[in-house]
Amino acid sequence: MSAGGSSPHLPRTAECVIVGGGVIGCSLAYHLARGGMKPLVVERATLGSGSTGRGAGGVRQQFSTEVNVRVGMMSRHMLERFSEEIGATADLRQMGYLFLATTEEEAEQFRRNVDMQRRVGLDDVRYLSVDDALQLVPDLRGDDLSGATFCPSDGLAGPNEVTLGYAAAARRLGAQVVESCTVTAIERDGGRVAAVVADGQRVATRLLVNCAGPYAGQVGALAGVDVPVRPFRRHLFLTERFQLSKSPPMTVDFHTSFYIHPEGDGLLLGMSDPAEPSSFDTDVAWGFLEHLVEHATWRLPPLAHAAIKTGWAGLYEVTPDNQAIIGEAPGVPGFWLCCGFSGHGFMQAPAAGHLLAEVLLGHEPEFDIRAFAPDRFGTERLTPEVAVI
Ligand SMILES: Cc1cc2nc3c(=O)[nH]c(=O)nc-3n(C[C@H](O)[C@H](O)[C@H](O)COP(=O)(O)OP(=O)(O)OC[C@H]3O[C@@H](n4cnc5c(N)ncnc54)[C@H](O)[C@@H]3O)c2cc1C
């Protein structure tokens with residue numbers, strides 16, 4: 001950490017430089033350090049102050065692609081063991097995720113998802129009738145619903161807790177984690193990564209991992225690498241103290257992307273805006289709240305009595321197929337990517353950090369992660385994730 005506003009002192013060489021100290025960079029740092037490497041994490045602001053600190057904390061295994069279900073299951077097991085392994089809480093609350101379908105096509109997609117998820121090993125997920133969904137959340141408007149899915153081992157965890165827990169554990173194992181320090185240049189020698197420059201200091205390295213979240217494209221450009229990650233603003237709003245007749249699980253109205261979950265003594269409300277253009281803007285567009293409230297009160301009429309306490313916005317880091325990018329950049333040896341998590345990076349961080357560390361340490365990852373390969377773009381190997389919120 002920098003002291004008294006001066007730049008942190010960086011080493012002249014590092015086995016690995018991780019650009020970005022969000023949940024992804026910190027998870028990777030911990031998993032590399034556990035495997036014997038001593039990475040340097042360079043964060044330009046404070047740990048977890050980017051997208052990580054603005055998220056909703058949702059942790060789910062219900063996805064439409066097999067690889068994301070596997071990543072979700074691995075992350076959930078890692079979060080269940082987090083305090084034992086890391087020595088700090090992950091604030092895991094497994095209250096389940098309820099997905100609501102309104103069209104027949106969505107209900108059909110949900111059935112296919114559940115079949116695939118169970119085949120992959122997600123034993124506790126199930127397809128629900130509308131009546132079953134209403135038992136879980138009696139305040140729902142159900143007359144236009146066509147079906148639902150529920151997985152009780154999904155839930156919420158604490159983005160700050162997980163990020164800072166991984167960072168502290170990484171430091172204990174010999175990683176160096178610096179804040180208030182910006183990577184401004186990446187040097188290449190004969191094509192491969194040779195050094196980074198941060199706050200005017202040069203650190204020679206043959207291994208760099210771009211964990212810059214929504215800024216991954218900018219960090220890629222420093223090395224001449226085109227990283228197809230685009231930033232999109234997303235809002236969250238917190239109600240004053242408010243309770244539904246029964247405390248709900250994380251509940252997602254898939255058709256509109258409106259979702260709620262309990263947060264403290266109120267509810268957290270979120271929804272994406274399909275009309276939102278790509279930008280780095282994180283100002284709250286209060287006009288959007290009206291739009292959200294319309295959907296919220298349609299799906300959960302008692303919300304008409306809730307008052308909004310506060311709201312904030314952060315950035316999703318979206319790729320063309322809504323799948324993360326994990327692997328070495330084509331044609332630039334030593335330049336690795338672990339970014340583009342498309343709005344599900346917090347829940348994927350434990351497994352993503354572990355799986356990439358395995359690859360970088362020369363081990364075989366537990367399952368095939370080629371669906372995340374950076375060279376898939378522009379080919380027919382894209383398997384878009386459709387269970388995005
Ligand atoms: C409103 C909202 C709700 C969300 N809800 C969920 C959810 O429920 N569940 C879920 O799994 N995900 C959710 N997400 C997505 C999740 O927050 C992100 O996928 C995840 O935090 C990405 O982590 P990251 O470490 O890649 O990025 P970040 O946390 O953004 O970290 C990247 C870091 O890189 C640093 N950086 C950038 N450029 C440089 C540079 N040149 N030099 C040094 N440092 C640099 C930044 O300062 C930043 O701290 C949500 C996001 C938003 C905005």
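Just follow the structure's listing: the first ligand is 1, and inside any ligand the first atom is 1. Numbering starts at 1 and runs along the sequence shown.
Contacts of Cys211 with ligand 1, taken as heavy-atom pairs under 4.0 Å, involve the backbone alone. Residue Leu47 does not touch ligand 1, judged by heavy-atom distances below 4.0 Å. Contact annotation for Gln348 and ligand 1: no heavy atom of the residue comes within less than 4.0 Å of the ligand. Here Cys339 has no heavy atoms under 4.0 Å from ligand 1, in either its backbone or its side chain.
Within 6.0 Å of CZ on Arg233 lie more than 12 heavy atoms contributed by other residues, nucleotides or ligands.
Residue Thr52 has at least one nitrogen or oxygen atom sitting less than 3.5 Å from a nitrogen or oxygen atom of ligand 1, judged on distance alone. Annotation: Phe346 places an N or O atom under 3.5 Å from an N or O atom of ligand 1; distance criterion only. Some N or O of Glu43 is nearer than 3.5 Å to an N or O of ligand 1, by distance alone.
With respect to Arg234 and Asp273, no salt bridge is recorded, no charged nitrogen being found less than 4.0 Å from a carboxylate O.
Judged by distance alone, the side chain of Gln323 and the main-chain N or O of Thr383 form a donor-acceptor pair under 3.5 Å.
Among protein heavy atoms, the minimum distance from atom 22 (C) of ligand 1 is reached at Glu317 OE2, 3.2 Å. Nearest protein neighbour of atom 44 (N) of ligand 1, counting heavy atoms only, is Arg44 N, 3.1 Å. What sits closest to atom 41 (N) of ligand 1 on the protein, heavy atoms only, is Val183 O, 3.1 Å.
With no hydrogens or angles considered, a side-chain donor-acceptor pair links Asn68 and Gln348 at under 3.5 Å. Between the side chains of Arg76 and Ser153, at least one donor-acceptor pair of N or O atoms lies under 3.5 Å.
Counting only non-hydrogen atoms, the option in Gly343, Gly55, Ala349 that gets closest to atom 15 (C) of ligand 1 is Gly343.
Residues Leu156 and Ile260 fall into different hydrophobic clusters, defined by Ile, Leu, Val, Met, Phe, Trp and Tyr side chains chained together at heavy-atom separations under 4.5 Å.
With ligand atoms numbered from 1 in the order given, ligand 1 contributes 23 (O), 25 (O) to contacts under 4.0 Å with heavy atoms of Val23.
For the pair Arg70 and Phe63, the cation does not sit on the ring face, since its NZ or CZ is not both under 6.0 Å from the ring centre and inside 45° of the axis.
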